[in-house]
Amino acid sequence: MARIDESRSECVFDDFKGPLTAEQAVIEANRCLYCHGAPCVTACPTAIDIPEFIRKISTGNVKGSAKTILEANIHGMSCARVCPVEVLCVGACVHNLQGVPPIQIGKLQRYATDVAYANGWRFFEAGAPTGKHVALVGAGPASLACAHELRRFGHACTIYDKRPVVGGLNTTGVAPYKMRADRSLDEVEWILGIGGIEVRTGVDVGTQPTWAELEAGHDAVFLGFGLGVDTPMGIVGEELAGIWGAVEFIERMKLGKVSVSAVRNAVVVGGGNTALDATRELVGLGARTVTLLYRGTEATMSGYAHEWQAGRVDGARALWQAQPVQFVGGDRVEAVRCLRVDDEKRPVPGTEFDVDADLVLVAIGQAKLGALVQALPGLAVERGRIVVDGNGACGRPKFFAGGDCANGGKEVVNASAEGRRAAIAIHQMLSGADHG
Ligand SMILES: Cc1cc2nc3c(=O)[nH]c(=O)nc-3n(C[C@H](O)[C@H](O)[C@H](O)COP(=O)(O)OP(=O)(O)OC[C@H]3O[C@@H](n4cnc5c(N)ncnc54)[C@H](O)[C@@H]3O)c2cc1C
Ligand code: SF4
């Protein structure tokens, strides 16, 4: 698999959470109460048996621990780094109720899976060939998890992605202080190590091949193509130099080079997790001042409070209840013109003010790609998402979907869980059993 430039901009970031040593891992594992009906497991979309993998670390059985994790979540290594554990497993740990620091589940998971990767341990084998062939559209976590599970059943898989790199947003989007792109590519390589998964990059499904060609050539199709490009603000001046979609900017930083050393006033528009990541990334890259502009309040933003807290500690500031209405400048952006908004997020006339800006990242969401499949009768698309049942089936025979294109944009762990769940349903369909 093609590697990426080692001098890319994301490499300036340190590992934010850092690994545990073997000794620290055993000490932390021994704090676990091994709860019956553990709430940490319920909080995990892949339902990893957390007390079981922690117990195995405490007894020195790291190999068994890694197997327990990866059996439930093939993305266990990256999820240990990128999952918002504060609102999932760690947030649910019973220790929180007693005012005791919760178990560092993510760090323990990282310890076990890193040891497995470092030792080249592999736990899964492909099943006996069935003669069936599944196409998977998109090479992000949803399709990778789906393909890996399908290989365990013995079905041949081909993954198509329009980008040159594999791993989806896990490679091109997640903040580098959580995980750099090369670590995501290590995981992709490990997953593909099961064998029998062909990956074809640079292929824009829907154009070439067409949906009809794809459908005709395969026994089943899994749709894991995620979301689309950054949503524009749609206001005057958006074409000025210095204004970027946040996801596009982050991808450039992760795979290539961006320079913000000459930036005096960087502004990020939005209140979701991509906006918060972009804010921290600009600070880390060296922009002199970084301002988050959000039309809601700190309490109503959809981004995680712990991420904003970290951004604030890094040195970012925020202007709440500010609605950009125009980008001002000559060739390049010089300011963002805003109106104050009230508690109902309505702009208040006559409250105009300018925020100096020579770099603006717009992080107000990604376009939904549901339109991509509207050519396929039987597929229901609601608010840009493909409507799926509990197994990922989406109304057209042979077609299944999962990950961001079906859930509207969640986390890696959700995409991985939905991909695996769809694989089980696809297998049941291909082997003649009912998947309902
Ligand atoms: C900036 C950012 C930061 C994030 N940070 C985190 C985080 O810290 N933790 C976390 O858990 N989640 C994070 N997420 C969310 C997470 O990355 C996604 O939920 C997850 O990657 C979704 O997986 P997926 O497989 O559904 O789609 P994606 O990862 O988006 O992969 C879809 C793939 O499909 C390809 N594709 C699209 N259309 C076509 C087509 N027509 N033909 C062929 N290929 C196509 C794309 O090129 C892409 O590679 C972040 C998201 C963003 C945008
Ligand atoms: S809730 Fe906390 S203490 Fe209980 S099993 Fe999970 S990690 Fe261990």
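Both ligands and their constituent atoms are indexed starting at 1 by order of listing.
- With respect to the salt-bridge test (charged N to carboxylate O, under 4.0 angstrom), the residues Arg81 and Asp114 qualify.
- The pair Arg385-Glu382 does not meet the salt-bridge criterion, since no charged nitrogen lies less than 4.0 angstrom from a carboxylate oxygen.
- We find that Glu215 and Arg396 are joined by a salt bridge, their nearest charged nitrogen and carboxylate oxygen being less than 4.0 Å apart.
- Around atom 6 (Fe) of ligand 2, protein N, O or S atoms at less than 2.8 Å number 1.
- A donor-acceptor contact shorter than 3.5 Å is absent between the side chain of Arg183 and the backbone of Ser78.
- Ionic pairing of Arg420 and Glu149 is present here: one or more N-O contacts between side-chain nitrogen and carboxylate oxygen are shorter than 4.0 angstrom.
- Judged by distance alone, with hydrogens and angles left aside, the side-chain atoms of Glu307 form no donor-acceptor pair with the main-chain N or O of Leu276 at under 3.5 Å.
- His155 places no side-chain N or O within donor-acceptor distance of the main-chain N or O of Ala220, the cut-off being under 3.5 Å.
- Within 4.0 Å of ligand 1, protein heavy atoms belong to Val82, Val137, Gly138, Ala139, Gly140, Pro141, Ala142, Tyr160, Asp161, Lys162, Arg163, Gly168, Leu169, Gly173, Val174, Lys178, Val203, Asp204, Val205, Gly224, Phe225, Gly226, Val247, Ile250, Thr274, Asp277, Gln366, Leu372, Gly403, Asp404, Lys410, Glu411, Val412, Ala415, listed by chain and number.
- Between Asp182 and Arg8 there is a salt bridge, since a side-chain N of the basic residue sits under 4.0 Å from a carboxylate O of the acidic one.
- A salt bridge links Arg280 with Asp314; the closest basic N to acidic carboxylate O contact falls under 4.0 Å.
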